[in-house]
Enquirer: 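Let me begin by handing over the structure; questions about it come next.
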Protein chains: 2
Amino acid sequence: MSDLLERLRGRGWRMTAQRRVVAEVLNGDHVHLTADEVLARATDRLPEISRATVYNTLGELVSLGEVLEVATDGRAKRYDPNAHRPHQHLICSDCGAIRDVHPTGDPLSALPAAERFGFTVSAVEMTYRGRCPECARA
Amino acid sequence: MSDLLERLRGRGWRMTAQRRVVAEVLNGDHVHLTADEVLARATDRLPEISRATVYNTLGELVSLGEVLEVATDGRAKRYDPNAHRPHQHLICSDCGAIRDVHPTGDPLSALPAAERFGFTVSAVEMTYRGRCPECARA
DNA sequence: ATTAATGCAAATGCTTTGCATCTCT
DNA sequence: AGAGATGCAAAGCATTTGCATTAAT
C-alpha cells in the first residue's frame with residue numbers, strides 16, 4: 001500500500017522523469033499491467049518515453065523486489081506492484097486476466113468461493129523456484 | 001507410467017509416423033523437453049518431420065490432457081508427459097531445468113529436503129487457472 | 001565530471017499461420 | 001473419397017541488444 005515511489009526514493013533509486021512515470025503507472029492495488037499497457041499509460045503522461053526504457057525500468061523494479069513478474073503462459077508477462085504482501089494468482093486461461101487471491105486452509109484444495117471472483121477454477125499449480133546444483137556451482 | 005502411445009491409440013487418436021515419433025520421444029518419467037528438443041530427437045528417427053508438425057502435435061497432446069505444458073518464464077516452454085500423476089515443479093531460474101516434486105504437508109512451507117534435488121529454493125508460487133466471468137459468458 | 005539512463009532501430013527467440021500437398025481411415 | 005495431417009516459409013509477438021546521446025548526481 002505505501003507508495004511505490006516513496007519506497008524507491010528511500011532506497012536511493014536514481015530518479016528520472018521516465019522512471020517516475022513508470023512507478024506512478026504501476027502504483028496501486030490489483031494492478032497487473034503488461035509492458036505494453038505500462039508503455040501506453042506512461043506515454044499519455046510523457047510522450048517521449050521509449051519502449052526500451054519501460055522494459056529496462058520494469059526489469060529494475062523486478063530485481064529490486066518491488067514488483068512481481070507474473071508469467072501468463074503464451075501471453076505477455078504482467079507486472080504486479082503488490083510485492084509486499086504475500087498472495088497468489090488466479091489467471092483466466094482465455095483472456096489472461098489476473099486477480100490476487102489469498103487462499104485459506106490447504107492451498108491445493110479448492111479456493112474458497114469468496115476468493116473466486118466468479119472464476120471457474122479448473123487447475124491449481126504450484127511452482128518452486130530456485131537454482132539447480134549445476135548453476136549454483138558456476 | 002503406462003505407455004503414452006497406447007493411451008493415445010486407445011483414445012482413437014489418428015496415427016501418423018510423425019505423431020508416433022513425437023509420442024515416443026516424449027514418453028517416460030522426468031521428461032521435460034522443449035519443443036526444440038522434441039524436434040531434434042524426433043528428427044533423429046524421422047528426418048523429414050517439420051517444426052510445425054511438432055508444434056501442432058504438442059498442442060494436440062496438451063489439449064487432450066496427455067501432456068502438460070510448463071511455462072518457464074522467458075525461456076521456451078517445456079512439455080511434461082507425466083499428466084496422470086499429480087505433482088508440482090521445481091524450476092531453476094538460471095538454466096530452466098525442471099524436476100517433478102511431490103511436496104508433503106503444507107505446500108507453501110519449505111519443500112522437504114528429500115524433494116529438493118540439491119536446489120536452493122528461493123520462492124514458492126501458486127497459480128489458480130480458470131475462466132473469468134466475462135470469458136465464461138462468451 | 002562521472003556514471004548511469006535513454007531512445008532508436010535492428011535483432012532475437014519462440015511460436016503461429018496460410019496454404020498447397022499428401023496420408024490416414 | 002474425404003477429413004485431416006504435413007511441410008514450408010513467412011509472419012507475429014514479446015522482449016532484448018548495441019550504441020550513440022542525454023541527463024542525474
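This one's a predicted model, so the numbers in the text were calculated from it and none came from an experiment. Every chain is numbered from 1, with letters handed out A, B, ... down the list of sequences.
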Enquirer: Could you tell me the separation between the CD1 atom of Ile49(A) and the P atom of dC8(C), rounded to a whole number of Å?
Expert: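 One finds 11 Å between P of dC8(C) and CD1 of Ile49(A), rounded.
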Enquirer: In whole angstroms, how far is the C1' atom of dG4(D) from the CD atom of Glu60(B)?
Expert: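 Value for this atom pair: 10 Å.
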Enquirer: State the NZ-CG distance between Lys77(A) and Asp36(A), to the nearest 0.5 angstrom.
Expert: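 CG of Asp36(A) is found 13.5 Å from NZ of Lys77(A).
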Enquirer: Measure the distance from CZ on Arg78(A) to C1' on dA14(D) and round it to the nearest whole Å.
Expert: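 In whole Å, dA14(D) C1' lies 13 Å from Arg78(A) CZ.
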Enquirer: Going through the distances and angles, do Val31(A) and Asp29(A) end up as a side chain to side chain contact (heavy atoms under 4.5 Å, CB included)?
Expert: CA-CA 5 Å; Val31(A) 173; Asp29(A) 282 323; over 6 Å; no
Enquirer: Quick check for you: among dT6(C), dG7(C), dT6(D), whose closest atom lies nearest to any side-chain atom of Thr57(B)?
Expert: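 Minimum distance to the Thr57(B) side chain belongs to dT6(D).
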Enquirer: Report the distance from atom CG of Leu64(B) to atom P of dA5(D), rounded to the nearest whole Å.
Expert: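 In whole Å, dA5(D) P lies 11 Å from Leu64(B) CG.
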Enquirer: Over 60° means perpendicular and under 30° means parallel, so classify the ring planes of His32(B) and His89(B), tilted if in between.
Expert: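 Geometry flag for His32(B) against His89(B): perpendicular rings.
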Enquirer: In whole angstrom, give the distance that lies between atom CD of Gln18(B) and atom P of dC24(C).
Expert: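 One finds 8 Å between P of dC24(C) and CD of Gln18(B), rounded.
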Enquirer: Among dA14(D), dC14(C), dT6(D), which is the nearest nucleotide to the side chain of Ala76(B)?
Expert: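 Out of dA14(D), dC14(C), dT6(D), the nucleotide with an atom closest to Ala76(B)'s side chain is dC14(C).
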Enquirer: I need the CD-C1' distance between Glu69(A) and dT15(D), as an integer number of Å.
Expert: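 Checked: the CD to C1' distance equals 11 Å.
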Enquirer: Are Thr16(A) and dT6(C) close enough that a side-chain N or O sits under 4.0 Å from OP1 or OP2?
Expert: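 For Thr16(A), the contact criterion (side-chain N or O under 4.0 Å from OP1 or OP2 of dT6(C)) is met.
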Enquirer: Specify the separation, in whole Å, of atom CG of Asp73(A) and atom C1' of dC13(D).
Expert: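 Computing the Asp73(A):CG to dC13(D):C1' distance gives 15 Å.
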Enquirer: Establish whether the base of dT25(C) is bridged to the side chain of Arg14(B) by a donor-acceptor pair shorter than 3.5 Å.
Expert: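 No such pair is found, so the answer is no.
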Enquirer: Could you walk me through whether Tyr79(B) and Leu33(B) satisfy the side chain to side chain contact (heavy atoms under 4.5 Å, CB included) test, starting with their C-alpha distance in whole Å, then the side-chain angles of each, then the deciding distance to 0.1 Å, before giving a yes or no?
Expert: CA-CA 5 Å; Tyr79(B) 294 88; Leu33(B) 300 171; 5.7 Å; no
Enquirer: Let's see if you can work this out: which of dT15(D), dT15(C), dT25(C) has an atom nearest to the side-chain heavy atoms of Met15(B)?
Expert: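 In terms of side-chain proximity for Met15(B), the closest of dT15(D), dT15(C), dT25(C) is dT25(C).
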Enquirer: Among the nucleotides dA9(C), dA5(D), dT16(C), which one has an atom lying closest to any side-chain atom of Arg19(B)?
Expert: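 So the nucleotide nearest the side chain must be dA5(D).
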Enquirer: Can a side-chain donor-acceptor contact be found between Trp13(A) and Glu60(A) if the only test is distance below 3.5 angstrom?
Expert: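 Yes, side-chain donor-acceptor contact under 3.5 Å.
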Enquirer: Considering only side-chain heavy atoms of Asn56(A), which listed nucleotide, dT25(D), dG7(D), dT6(C), is closest?
Expert: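 So the side chain of Asn56(A) is nearest to dT6(C).
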Enquirer: So which one's nearest nucleotide on DNA chain C is more toward 5', Ala17(B) or Thr53(A)?
Expert: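 Here Thr53(A) is the residue nearer the 5' end.
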Enquirer: On DNA chain C, nearest-nucleotide positions of Ala52(B) versus Asp36(B): which is more 5'?
Expert: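 In this pair, the answer is Asp36(B).
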Enquirer: Rounded to the nearest angstrom, tell me the gap between atom CZ in Arg51(A) and atom P in dT16(D).
Expert: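 Going from CZ in Arg51(A) over to P in dT16(D) covers 12 Å.
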Enquirer: Of the nucleotides dG7(C), dA14(D), dT6(D), which has the atom closest to the Tyr55(A) side chain?
Expert: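 Nearest nucleotide to the side chain: dA14(D).
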Enquirer: Which listed nucleotide (dG7(D), dT15(C), dA14(D)) is nearest to the side chain of Ala35(B)?
Expert: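 Looking only at side-chain atoms, Ala35(B) lies closest to dT15(C).
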